[in-house]
Structure formats: structure tokens, C-alpha cells
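Scroll down for the structure; my scribbles are underneath it.
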There are 2 protein chains.
Amino acid sequence: MSIEYAILGLLSWRELSGYDLKKIFEESVALYWTGNNNEIYRALVDLRERGLVSVEVQPQEKLPARKVYAATAEGRAELAAWTASAPQLPQRRHALLIQLAWADALPAGQLDNLLAEYEDEVQTQAIISRAQLQPAAAGARARFLDPAGARTPREAVLWRAILENWAAFYGSELAWVRALRVELSTARSS
Amino acid sequence: MSIEYAILGLLSWRELSGYDLKKIFEESVALYWTGNNNEIYRALVDLRERGLVSVEVQPQEKLPARKVYAATAEGRAELAAWTASAPQLPQRRHALLIQLAWADALPAGQLDNLLAEYEDEVQTQAIISRAQLQPAAAGARARFLDPAGARTPREAVLWRAILENWAAFYGSELAWVRALRVELSTARSS
DNA sequence: CAGATCATGTAACTGGTTACATGATTCA
DNA sequence: TGAATCATGTAACCAGTTACATGATCTG
């Protein structure tokens, strides 16, 4: 899947500028693209050309004009068709596992340092993804996937499930690396 | 990380032709590239140019010559340096989660069909990845990450951990989708 | 005054995918 | 005889990343 459907989905939820989208991508765990300008602005042009989104240019006095995009009826239809399409398996690229395959050449201390560093990083992500399960501060504009911004109870269930999936992913990874460190340290001393 | 280190690692383990590599990539769960020719043959040329692998051309009577590659001393040094490098977080692309974010427009039955199909696919992967934890048939050439092919006990521990990571990944995913289906069906009927 | 924020975009590159191309051999 | 396997490669394309480019405004 390309970033286009993610953008189309967001624009079906509320109207947003390229800059808004960029921030949403940067903040969200679930939207795993970097949110770089190139891709977002090109995707918006493309969606526009295909008639899936509309633009409204809002001139501002002192800042560059905001181009605010929203999904059109055709865009919503296209999105609905896509959501019904056959699910793909998630793809996971896990460079550390390839590193570990050949890491037997490393001294035990260095290997454990590597794993400890990894554990730290994963723990950070686990905390962040668990935090997203908590509702945002009252008064704040609901962020993407915050059940408070959902339009129906079922949508809230789905959004919570998405966040739980990410939390489970990092939780499982954290448990794995901790178990591996224990196993390596006990094997060494036995 | 590019596919190059994965190839260099395999060639540090045993000597292989491009065709052998292709098959290993296709068979292995852990080596998540498609194993397409383009990338493998280009990577081999590149590694060769950088002096990290050597080639031996083995002419065959009736088939095209095999070009058998192996890691050189420099290649092994480069690989060792890479294994010691800072670990990266795994990256996961999960299109279904983006689909679900906007799936509230689907009728309940269609949504459950989608999730059921996903559950099936994940279950297949879960079974495959658990199966790789079993030793290969006696007499068969040890496959990549089969502890039987490991060169030291610690390497066997690492290889098992890698396979367990994949099994845990699919196991966690399977539990998640099952729980979600239950939640959606009970919410509907209450 | 420096750094973050608002707001738009472009250029160059990397990594990876799909499909094309060739041709003999082996097996059901 | 048709499909799978052995064995090499090339061409065209797509998605995504990093870095470049501009410039005003707001905040500490």
C-alpha cells in the first residue's frame, strides 16, 4: 500500500493541509511513514488530479496560503472500496535479527550491550504506544485514532484495536529481548 | 539495512551461488526480501567489486556455469563491524490497520469476513514459523537458522531466538485478530 | 537573538518490486 | 508434453528517504 490511501483516509475524516498531514504522520505511531514533504505534497497533487480530493486555498495575511484538502464523494467511494479489499499480511523488517544471526563473533559483553540498547529503544516505543491508548487531554483537538475523535462506537472499537495492536507489538518485542538477555547471561555462566 | 549484509552473512556461513541465495531468500521467513534476481545478482556484483566476496566459476557440462561466492577476510571483517553497529528498531508496515481505521463504513458481516481472511493468513504464517523451530529432517542439508547448522552453542541460541521472534510476532498477531473479532461480534449483539 | 513553528515545495538518490529474457534438463 | 528446476542475467518502474530551498512569525 502506498501512502495515498492513508492520506485519503485522513482527508475523509477531516479537512487538512499538507502541513497538517505532515505533523499527523510525524506524531502517529500507526502511520509509519516519515511524513516527508516530497511524498505528501506529491500524493496530494495526484489525488487532486484523480478527483479524489478537493482543495480550498485559504490566503493568510502574513503567512503563505494554506491549501486545505478534503475527500470528495468519489474519494470516499474509492476509500470504501479499498477498505473492503483483501487484507495483506503485515511486513516487518527487522535488521537486528539479521545482525544477531552473525553476532556469535562478538564478545559476550558487546553482544549484551547491543541487546540492552535495543531493549531501551523498544521500551520507549512500548511506553509511547501504551500512552496513545489513554485519551488525550480534555479540550485538545482529538488526534488520529484517539477514540474521542471517532464518529461511532464501532469506530472507537476499531481505533482502540489499532492502538492495542501497536502496543502488543512493542510489548512482545520487549518481552523477547529481555528473555534473550537472560538466556545468554545464564548460558555464559553455566 | 540493505539486502547486502544479509547476503554477506550467508556467504560467511557457507559458499553459495546466486541461485542458491535466491532459494534461501524464498524459503526463509527471517529473510524478508522477495529474493528477486535483480537485487541478488546486483548485490553480488557490488560485493565483488568491493572485495568483500570472492567468486569461483564452476563450469558444468550441460548447464550454465555456477558462480560460487564466498566471503573474503575483508568481507568477514566488514560483517563483524556491522553486527556490532547500533541496533535499529524493527519497522512494520501494517496496511490492514490503516484499512481498519476507515472500515466503520463496512457492514458488520463484510468486516468480519475481512478479519476472518486475515486470521487465516496469519495462522498459516504462525504455523510456518513455529515449524521452523523444529529441526530439519535428518540427513537434509541444514537450512539457514536451523540450530543444527550453527557453528557454536551460542550461535544456536541466537538462531533459535530469531525464529522464536518470528513465531512470537505471528502468534501475537493471531491472538489480536481473534480478540478483535470476538469484541466486534459481542458488541453487535448487545 | 536563536530556535521552533507555519507553510509551501523540489532534486537526487536508494532500495526494492515486477516483469522480461534465455535455454537446457529432469520428472510426472 | 507440460511443468518444475537449474542457472544466469536485464529493464522499467514504484515507493520512500534525505537533503535542499525559501521566508515570515512566534516564543523563550
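Naming convention: chains lettered A, B, ... in sequence-line order (proteins, then strands); numbering from 1 in each chain.
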How are the rings of [X] and [Y] set relative to one another: parallel (under 30°), tilted (30 to 60°) or perpendicular (over 60°)?
{"X": "W82(A)", "Y": "Y5(A)", "result": "parallel"}
{"X": "W159(A)", "Y": "W13(A)", "result": "perpendicular"}
{"X": "H94(A)", "Y": "Y118(A)", "result": "tilted"}

Below 4.5 Å, heavy atoms only, C-beta onward: do [X] and [Y] meet side chain to side chain?
{"X": "L10(B)", "Y": "F25(B)", "result": "yes"}
{"X": "I7(A)", "Y": "Y69(A)", "result": "no"}
{"X": "Y170(A)", "Y": "E121(A)", "result": "no"}
{"X": "L11(A)", "Y": "L44(A)", "result": "yes"}
{"X": "L100(B)", "Y": "L115(B)", "result": "yes"}

Nearest whole Å is fine: how far is [N] [atom2] from [X] [atom1]?
{"X": "R66(A)", "N": "dT5(C)", "atom1": "CZ", "atom2": "P", "answer": "16 Å"}
{"X": "I40(B)", "N": "dA7(D)", "atom1": "CD1", "atom2": "C1'", "answer": "12 Å"}
{"X": "D46(A)", "N": "dG9(C)", "atom1": "CG", "atom2": "C1'", "answer": "16 Å"}
{"X": "F25(A)", "N": "dA15(D)", "atom1": "CZ", "atom2": "P", "answer": "14 Å"}
{"X": "L44(A)", "N": "dA7(C)", "atom1": "CG", "atom2": "P", "answer": "15 Å"}
{"X": "D20(B)", "N": "dT5(D)", "atom1": "CG", "atom2": "P", "answer": "15 Å"}
{"X": "K22(B)", "N": "dG16(C)", "atom1": "NZ", "atom2": "C1'", "answer": "14 Å"}
{"X": "K67(A)", "N": "dC6(C)", "atom1": "NZ", "atom2": "C1'", "answer": "15 Å"}

### Message
What's the angle between the local helix axes at either end of the helix from dC1(C)-dG28(D) to dA28(C)-dT1(D), using five pairs per end and rounding to 10 degrees?
### Response
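End-to-end axis angle for the helix from dC1(C)-dG28(D) to dA28(C)-dT1(D): 50°, rounded to 10°.
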If only side-chain N and O atoms of [X] are considered, is one of them under 4.0 Å from the OP1 or OP2 phosphate oxygen of [N]?
{"X": "K23(A)", "N": "dT5(C)", "value": "no"}
{"X": "Y19(B)", "N": "dC6(D)", "value": "yes"}
{"X": "Q60(A)", "N": "dC6(C)", "value": "no"}
{"X": "Y41(A)", "N": "dT8(C)", "value": "yes"}

Could you go through nucleotides 25-28 of chain D and list every protein N or O atom that sits under 3.5 Å from one of its N or O atoms, giving the distance for each pair?
none

#### Entry: Lys/Arg-Asp/Glu bridge criterion (N-O < 4.0 Å) met for E173(A), R92(B)
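Salt bridge absent between E173(A) and R92(B).
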### Message
Quick one, R181(A) with E119(A), criterion salt bridge (charged side-chain N to carboxylate O under 4.0 Å, His left out). Give me CA distance, side-chain angles, the key distance, then yes/no.
### Response
CA-CA 9 Å; R181(A) 289 183 68 199; E119(A) 182 181 329; 2.8 Å; yes
### Message
For Q88(A), I'd like to know if atom CD has over 12 heavy atoms of other residues, nucleotides or ligands within 6.0 Å.
### Response
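Not buried by this count: 12 neighbours or fewer within 6.0 Å.
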Tabulate atom names and distances for all N/O pairs under 3.5 angstrom spanning the protein and nucleotides 17-21 of chain C.
residue : atom : partner : partner atom : Å
dT17(C) : OP2  : T34(B)  : OG1          : 2.9
dT17(C) : O4   : N38(B)  : ND2          : 3.1

### Message
Of the listed nucleotides (dG15(C), dA7(C), dA15(D)), which one gets closest to any side-chain atom of S2(B)?
### Response
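Selected nucleotide: dG15(C).
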### Query
Could you state the interatomic distance from CG (N165(B)) to CZ (R160(B)), rounded to the nearest 0.5 Å?
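Answer for the CG-CZ pair, N165(B) versus R160(B), is 13.5 Å.
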